[in-house]
K.L.:
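Just dropping this structure here.
The structure displayed is predicted, hence computed values, not measured ones.
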Amino acid sequence: MLKNRELPIGFTMELAQHADILIRFSHLSEAEQTNIINGAKKVTSREEMRSYVENMFS
């Protein structure tokens with residue numbers, strides 16, 4: 001799935017709280033995952049990260 005990529009800790013913690021989103025994320029292509037991870041690296045607050053993860057597939 002993530003093949004030794006560094007993930008923002010807040011992103012990882014939010015994915016852990018949303019198993020359904022984690023499963024969908026894990027089924028994305030590597031390019032799609034990279035795009036989402038790069039977006040997560042720009043998030044600056046816990047609340048924003050929660051919203052980012054909850055709305056990744058909206």
K.L.:
What is the distance from atom CG of N38 to atom CD of Q33, rounded to the nearest 0.5 Å?
P.N.:
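So the gap between those two atoms works out to 11.5 Å.
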K.L.:
Let me confirm one number: the CG-CD1 distance from L15 to I21, rounded to the nearest 0.5 Å.
P.N.:
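Reported value, rounded in 0.5 Å steps: 7.5 Å.
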K.L.:
Sequence neighbours left out, what pairs pass salt bridge (charged side-chain N to carboxylate O under 4.0 Å, His left out) with at least one residue falling in residues 9-22?
P.N.:
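Every pair satisfying salt bridge (charged side-chain N to carboxylate O under 4.0 Å, His left out) with a residue in residues 9-22: E14-R50.
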K.L.:
Using the side chain to side chain contact (heavy atoms under 4.5 Å, CB included) rule, pick out the option among L7, V53, L22 that qualifies with T12.
P.N.:
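Exactly one option meets the side chain to side chain contact (heavy atoms under 4.5 Å, CB included) with T12, and it is L7.
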K.L.:
Return each pair, listed once, that meets salt bridge (charged side-chain N to carboxylate O under 4.0 Å, His left out) where at least one residue sits in residues 37-49; pairs must be two or more places apart or across chains.
P.N.:
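Of all non-adjacent pairs touching residues 37-49, none passes salt bridge (charged side-chain N to carboxylate O under 4.0 Å, His left out).
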K.L.:
Working to the nearest 0.5 angstrom, can you tell me the gap between Y52 OH and T44 OG1?
P.N.:
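One finds 13.0 Å between OH of Y52 and OG1 of T44.
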K.L.:
Return the CZ to CD distance between R24 and E32, rounded to the nearest 0.5 Å.
P.N.:
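Going from the CZ atom of R24 to the CD atom of E32 covers 11.0 Å.
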K.L.:
Looking only at heavy atoms, which two atoms of F11 and M56 are closest? And how far apart?
P.N.:
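Between these two residues, the closest heavy atoms are CE1-SD, 3.7 Å.
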K.L.:
Taking all atoms of both residues into account, what is the closest heavy-atom pair of P8 and M49, and its distance?
P.N.:
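What the structure gives for the nearest pair is CB-CE, 4.5 Å.
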K.L.:
Using the test side-chain contact (heavy atoms from CB on, under 4.5 Å), find all partners of N55 that sit at least two apart in sequence or belong to another chain.
P.N.:
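For N55 the side-chain contact (heavy atoms from CB on, under 4.5 Å) partners, ignoring immediate neighbours, are S51, S58.
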